[in-house]
Amino acid sequence: MAHARARECRIPRRGGRWSIRQRVLVVVPTYNERENVAPLVRDLLAQGEGIDVWVADDGSPDGTAEAVREAMTRYPGRVDLLLRPEKAGRGAAVITAFKKGLADPRAYDVLVEMDADFSHRPEDLPKLLGELGRCDMVVGSRYVEGGGTSEWGIWRPALSWLANRYVAVVAGIPIRDTTSGFRAYRRAVLEETEFDRIKIRGYVVHGEMAYQAWIHGFQLGEVPIHFKNRAREASKLSAEEIYMALVNFALLRFRYGLRPRKRRVPGGEGTSHA
Ligand SMILES: Nc1nc2c(ncn2[C@@H]2O[C@H](COP(=O)(O)OP(=O)(O)OP(=O)(O)O)[C@@H](O)[C@H]2O)c(=O)[nH]1
Ligand SMILES: [Mg+2]
């Protein structure tokens, strides 16, 4: 499958590239990630001094929370645990953490979400943050030049690629990998996000967050990432989940409108169009 070049945001922003002085909050949703969470936290914190990590765990029975508490002792002030009593979905866990992150007195400039299972590589984080110098929201993309997936066999990558082409057509969001869960947002994007309107179940959460950012007139960009899937015998997706995702993606245009709003570029000249 040939990949398009990564989309570039056209308008340079005042403040330029990501700097070490910026405060970055990385939200990692977890369910049964005891083995992964401590090495992941270590590798994320090593990417820069301004980076904090919050793990949003849904009461994992394998003791993920214990591993996070140990990491909190090892890296005081830089790691936190948001614990919910039961499994209620990745999307909802991330949204709850983002709301808390926006209200935090540390005034994070940038908020990031990524998976805990090393499918998303911590060493790719600076690439996403760097691109935020030009964009308001950056997606780590499997489907642009230089990006890719591994260990997926034939069926899953084809399905995922097709799903993303479908989303591009029905929703019209100008990014290639709308279902990617590795993303960085400038705080302004999340401040304008209407979280209460988001359907918090399934892959549409990612699409809806991106759609809102786009329709609100923010600049969306992508950087290539390599997505390493953990070995699984079968996809966990049920036919009902796939059907619901297809329908909900198709409804985005009707729920939110067709065109991005014009927006004055903070610190720049004129207006931006996504
Ligand atoms: N808090 C929370 N996190 C979840 C939930 N479900 C999944 N996660 C986490 O969300 C991330 C993505 O989930 P995965 O299970 O890896 O989903 P996937 O990558 O589609 O499937 P795999 O093939 O199993 O890797 C991981 O960090 C999970 O631990 C949930 O209900 N609540
Ligand atoms: Mg995974």
Side-chain angles (χ1 to χ4, degrees), residues 1-9 17-18 22 24-30 33 36-37 39-48 51 53 55 90-91 94 98 110-154 156-168 173-186 189-190 203 205-211 213-214 218-232 235 274:
M1 282 167 279
H3 291 338
R5 287 174 68 90
R7 176 189 163 74
E8 286 190 355
C9 300
R17 299 186 73 76
W18 173 65
Q22 282 191 298
V24 177
L25 173 62
V26 181
V27 169
V28 181
T30 55
E33 303 284 3
N36 291 322
V37 76
L40 183 78
V41 166
R42 177 199 62 208
D43 292 358
L44 283 172
L45 295 181
Q47 303 305 319
I51 296 172
V53 180
V55 178
R90 182 197 188 281
V94 169
F98 278 166
V110 171
L111 294 94
V112 175
E113 62 175 296
M114 69 188 288
D115 290 355
D117 57 1
F118 283 95
S119 290
H120 302 139
R121 297 184 301 192
E123 57 270 30
D124 284 338
L125 178 61
K127 257 200 307 194
L128 269 78
L129 297 176
E131 196 61 14
L132 273 188
R134 295 192 288 184
C135 308
D136 298 300
M137 173 184 168
V138 176
V139 174
S141 176
R142 296 162 287 184
Y143 306 121
V144 294
E145 232 173 71
T149 61
S150 63
E151 293 180 38
W152 269 36
I154 294 171
R156 264 185 82 158
L159 188 70
S160 172
W161 184 84
L162 253 177
N164 274 287
R165 294 313 301 146
Y166 168 83
V167 173
I173 313 173
I175 47 175
R176 291 269 160 172
D177 194 351
T178 322
T179 56
S180 167
F182 193 7
R183 296 130 173 250
Y185 306 82
R186 283 176 173 260
V189 175
L190 295 179
Y203 281 94
V205 181
H206 292 132
E208 202 156 343
M209 296 278 288
Y211 201 88
W214 179 58
F218 289 107
Q219 293 267 306
L220 312 191
E222 286 180 284
V223 294
I225 57 157
H226 195 87
F227 181 92
K228 183 170 176 292
N229 205 52
R230 65 175 133 200
R232 289 243 187 218
S235 169

**Request:** Could you pull out the closest heavy-atom pair between Leu220 and Ala210, with the gap in Å?
**Result:** CD1-O, 3.9 Å
**Prompt:** In Å, rounded to the nearest 0.5 Å, how long is the span from CZ of Arg142 to CG of Asp177?
**Reply:** 4.0 Å
**Message:** On a heavy-atom basis, which atom in Met209 and which in Leu190 lie closest, and how many Å separate them?
**Reply:** CE-CD2, 3.8 Å
**Item:** Pairing residues for Thr178 by the side-chain hydrogen bond (donor to acceptor under 3.5 Å, both in side chains) criterion, not counting sequence neighbours
**Value:** none
**Asked** How far does CD of Gln22 sit from CG of Leu129, to the nearest 0.5 angstrom?
**Response** 8.0 Å
**Prompt:** Of all residues at least two apart in sequence or in a different chain, which pass the side-chain hydrogen bond (donor to acceptor under 3.5 Å, both in side chains) check with Asp117?
**Reply:** Ser119, Arg230
**Message:** Using 0.5 Å steps for rounding, measure from the NZ atom of Lys127 to the CD atom of Gln47.
**Reply:** 11.5 Å
**Asked** Only one of Val189, Leu132, Leu25 clears side chain to side chain contact (heavy atoms under 4.5 Å, CB included) with Val110; which?
**Response** Leu132
**Request:** Enter the distance from Met114:CE to Ile225:CD1 here, rounded to the nearest 0.5 Å.
**Result:** 8.5 Å
**Prompt:** In this structure, which one of Leu44, Asp115, Val41 forms a side chain to side chain contact (heavy atoms under 4.5 Å, CB included) with Val28?
**Reply:** Leu44
**Request:** Mind checking the CG-CZ spacing from Asn164 to Arg176? Nearest 0.5 Å is all I need.
**Result:** 10.0 Å
**Prompt:** What's the spacing between Arg121 CZ and His226 NE2 if we round to 0.5 Å?
**Reply:** 7.0 Å
**Message:** Quick check: closest heavy atoms across Gly207 and Ile173, and the distance to 0.1 Å?
**Reply:** O-CD1, 3.7 Å
**Message:** I need the minimum non-hydrogen distance between Ala116 and Thr30, along with the two atoms involved.
**Reply:** CB-CG2, 3.6 Å
**Message:** A side-chain contact here means heavy atoms from C-beta on lying under 4.5 Å apart; do Met137 and Arg183 qualify?
**Reply:** yes
**Request:** For side chain to side chain contact (heavy atoms under 4.5 Å, CB included), just list the numbers for Val55 and Leu40, CA-CA rounded to whole Å, side-chain angles, deciding distance to a tenth of an Å, and then say yes or no.
**Result:** CA-CA 10 Å; Val55 178; Leu40 183 78; over 6 Å; no
**Asked** Which heavy atom of Gly221 sits nearest a heavy atom of Cys135, and at what distance?
**Response** CA-SG, 3.7 Å
**Message:** Measuring only between side-chain heavy atoms, which start at C-beta, is His206 closer than 4.5 Å to Arg90?
**Reply:** yes
**Asked** Is any side-chain heavy atom of Val53 less than 4.5 Å from a side-chain heavy atom of Arg42?
**Response** no
**Message:** In this structure, is the centre-to-centre distance between the rings of Tyr185 and Phe218 below 6.0 Å?
**Reply:** no
**Derivation of the side chain to side chain contact (heavy atoms under 4.5 Å, CB included) call for Val24 and Val112** = CA-CA 7 Å; Val24 177; Val112 175; 3.9 Å; yes
**Request:** Ignoring hydrogens and angles, state whether a donor on the side chain of Ser180 or Tyr143 is under 3.5 Å from an acceptor on the partner side chain.
**Result:** no
**Message:** Please give me the minimum heavy-atom distance between Gly140 and Leu128, naming the atom from each residue.
**Reply:** N-CD2, 4.1 Å
**All ring pair (Phe, Tyr, Trp, His ring centres under 6.0 Å) counterparts of His120, not counting sequence neighbours** = Phe182, Phe227
